[in-house]
Number of protein chains: 2
Amino acid sequence: MISKTAKYAIKAVIYLGLHSSESHKILTRDLYEKIQVSESYLAKILQELSRHNIISSAKGRNGGFYLTRDNGDHTLMDIVRVLDGGQYVDSCVLGISQCNAEHPCALHDKVGKGKTEFNRVLEETRVSELIADLQEGDAYFPL
Amino acid sequence: MISKTAKYAIKAVIYLGLHSSESHKILTRDLYEKIQVSESYLAKILQELSRHNIISSAKGRNGGFYLTRDNGDHTLMDIVRVLDGGQYVDSCVLGISQCNAEHPCALHDKVGKGKTEFNRVLEETRVSELIADLQEGDAYFPL
DNA sequence: TCCTATTTATGATTTATATCATGTTTTTCC
DNA sequence: GGAAAAACATGATATAAATCATAAATAGGA
């Protein structure tokens, strides 16, 4: 559905949203265990996110990664696209070319709703909203 | 979400359900183009399905693959499990170990519904039902 | 009984994903 | 201005998924 890499990325972004700011940056080495991924792999992922402006970073001493208000404007789908390259979002569950929303195939019609719903949520949910939900205690995020 | 291999398999099973019977078996070479996969790869998939009794087969001259009434009793999830090994059905969308249905994580709570729905449909839909829908013209399946 | 058409079994190859490792650049502090 | 601390860039390796190729087993028909 979405790659492991994208999952790591989403977790990391949420964590940064909850625990970082421009005045309190976070280092890869202090984050990788929580995400349950190796330090060097997380580093690569964070760099990719930074390059696409999903998160912010500062080099050198006192550097690190953090989330600004602007960063929070991205959707979860943006994150997935940066890491999975947008290829997973194909219209038909069975990969039938003549199948689309107006003319859904047998399975699409049944199963497709679940997938469409999944995509829709990814597309509509902004990082900032998710963070807000978590801060208000409405949601659970055990990292 | 589900592998390409599983998609090929589902397509093939549906096709067999619509166009084959014990007295009218179908050869790999007459099917692979419709599924849009190579002949040898489809052969491998059909063999795997046959071994797990999802479809039926006969060797030798006048042999081929076909679907019996008994075969139709399997669910779509059965097909997926045979080819993907059941590993994709992990509980949490983000792979968080402490997250489950009773205690859903932030994303699980939002996105999870889509995935759960998807799984449910796979689990509940029997091959025979899907075939019936198609034969009655209620569904679309352009192969 | 022998030949041919078919599934079946097995292994090799390619491609994609995930992961690791190492060197380079930038920034801040002393 | 030099040294240390950090992100950044790049390439190598490992693992898994997808695909291909070939030989063996089986069954039917002449």
Side-chain angles (χ1 to χ4, degrees), chain A residues 1-12 16 20 22-33 35-67 71 80-88 90 95, chain B residues 1-9 11-12 16 20 22-33 35-67 80-88 90 95:
Chain A
M1 189 146 225
I2 59 181
S3 69
K4 291 171 81 173
T5 308
K7 292 183 182 186
Y8 297 149
I10 292 176
K11 286 197 209 179
L16 288 177
S20 78
E22 187 158 8
S23 60
H24 184 267
K25 309 189 182 70
I26 290 185
L27 306 182
T28 307
R29 98 164 73 92
D30 295 326
L31 183 54
Y32 76 96
E33 284 174 326
I35 310 289
Q36 295 188 60
V37 63
S38 78
E39 183 170 357
S40 49
Y41 196 41
L42 177 60
K44 196 171 214 171
I45 294 170
L46 291 176
Q47 285 161 28
E48 193 72 11
L49 289 172
S50 173
R51 182 163 348 121
H52 287 83
N53 204 40
I54 306 277
I55 65 178
S56 301
S57 69
K59 284 186 185 180
R61 198 172 270 211
N62 291 337
F65 296 95
Y66 59 102
L67 217 73
N71 294 140
V80 173
R81 258 194 273 264
V82 162
L83 292 142
D84 291 359
Q87 65 227 9
Y88 106 92
D90 54 2
Chain B
M1 189 146 225
I2 59 180
S3 71
K4 292 171 80 176
T5 308
K7 293 183 182 186
Y8 297 149
K11 287 197 210 178
L16 289 178
S20 78
E22 187 159 6
S23 60
H24 183 267
K25 310 190 181 70
I26 290 185
L27 305 182
T28 308
R29 99 165 72 91
D30 296 325
L31 183 55
Y32 76 96
E33 284 175 326
I35 310 289
Q36 295 188 62
V37 65
S38 78
E39 184 171 355
S40 49
Y41 196 41
L42 177 60
K44 196 169 213 171
I45 294 170
L46 292 176
Q47 284 162 30
E48 193 72 11
L49 289 172
S50 172
R51 181 160 352 120
H52 286 84
N53 203 41
I54 307 278
I55 64 178
S56 301
S57 70
K59 284 185 183 180
R61 195 172 272 208
N62 292 337
F65 296 95
Y66 59 101
L67 218 72
V80 172
R81 259 194 272 265
V82 162
L83 292 142
D84 292 0
Q87 66 226 11
Y88 105 93
D90 54 2

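Here is how names work: the chains are called A, B, and so on, in the same order as the sequence lines, proteins then strands, and each is numbered from 1.
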* Within the pair Y8(A) and dT19(C), is there a side-chain N or O less than 4.0 Å away from OP1 or OP2? -> yes
* Side chain to side chain, F65(B) and L16(B), heavy atoms closer than 4.5 Å -> yes
* Would you please confirm or rule out a distance under 4.0 Å between OP1 or OP2 of dT10(C) and any side-chain N or O of K44(B)? => no
* To do: Indicate whether OP1 or OP2 belonging to dC29(C) is found under 4.0 Å from a side-chain N or O atom of N62(A).
  => yes
* Considering just the side-chain nitrogens and oxygens of S57(B), establish if one lies under 4.0 Å of OP1 or OP2 belonging to dT6(C). => no
* To do: Consider the side chain of K4(B), meaning its heavy atoms from C-beta on, and name the nucleotide among dT19(D), dT7(C), dC20(C) that approaches it most closely.
  => dT19(D)
* To do: Look at the side-chain N and O atoms of R51(B) and state whether any lies under 4.0 Å from the OP1 or OP2 oxygen of dT7(C).
  => no
* **Passing candidate, side chain to side chain contact (heavy atoms under 4.5 Å, CB included) with Y41(B), options L46(B), T5(B), I35(B)** => T5(B)
* Y32(B) OH - dT19(D) C1' separation (whole Å) -> 15 Å
* Phosphate oxygens OP1/OP2 of dA7(D): is one of them under 4.0 Å from a side-chain N or O of S50(A)? -> no
* May I ask you to verify if any side-chain N or O of S38(A) is less than 4.0 angstrom from the OP1 or OP2 atom of dC20(C)? => yes
* Structure fact -> Among dT7(C), dA21(C), dT6(C), the one nearest any side-chain atom of R29(B) is dT6(C)
* Between N53(A) (side chain) and N71(A) (backbone), is there a donor-acceptor pair under 3.5 Å? -> no
* Hey, does A58(A) reach any base, or is it just sugar-phosphate, or nothing, if we go heavy atoms under 4.0 Å? -> sugar-phosphate
* Asked: For the pair made of NZ in K25(A) and C1' in dT26(C), what is the distance, rounded to whole Å?
  -> 14 Å
* Has T5(B) got a side-chain N or O lying under 4.0 Å from the OP1 or OP2 atom of dA18(D)? -> yes
* Checking all strands, does L46(B) fall into the base, sugar-phosphate, or nothing category for heavy-atom contacts under 4.0 angstrom? -> nothing
* **Nearest-angstrom distance from the residue atom NZ of K59(A) to P of dT27(C)** => 6 Å
* Asked: Within the distance-only criterion (no hydrogens, no angle test), does the side chain of S20(A) pair as donor or acceptor with the backbone N or O of I26(A) below 3.5 angstrom?
  -> no
* Asked: Is any side-chain nitrogen or oxygen of R61(A) closer than 4.0 Å to OP1 or OP2 of dA7(D)?
  -> no
* Asked: How long is the line joining CG of D30(A) and P of dA5(D), in whole Å?
  -> 14 Å
* Atom-to-atom span, OH of Y66(A) to C1' of dA7(D) - whole angstrom -> 12 Å
* To do: Apply side chain to side chain contact (heavy atoms under 4.5 Å, CB included) to the pair N62(B) and K25(B), showing each step before the final yes or no.
  => CA-CA 8 Å; N62(B) 292 337; K25(B) 310 190 181 70; 5.5 Å; no
* For dA18(C), take OP1 and OP2 only and decide whether either is under 4.0 Å from a side-chain N or O of S3(A). => yes
* Spell out, as yes or no, whether a donor-acceptor pair under 3.5 Å connects the side chain of S57(B) to the backbone of S50(B). => no
* Asked: Tell me: CD of E48(A) to C1' of dT10(D), nearest whole Å?
  -> 13 Å
* Is the distance from OP1 or OP2 of dT17(C) to the nearest side-chain N or O of Y41(A) less than 4.0 Å? -> no
* Structure fact -> To the nearest angstrom, the CZ-C1' distance between F65(B) and dA5(C) comes to 13 Å
* To do: Let me know the distance between CG of L49(B) and P of dA9(C), rounded to the nearest Å.
  => 13 Å
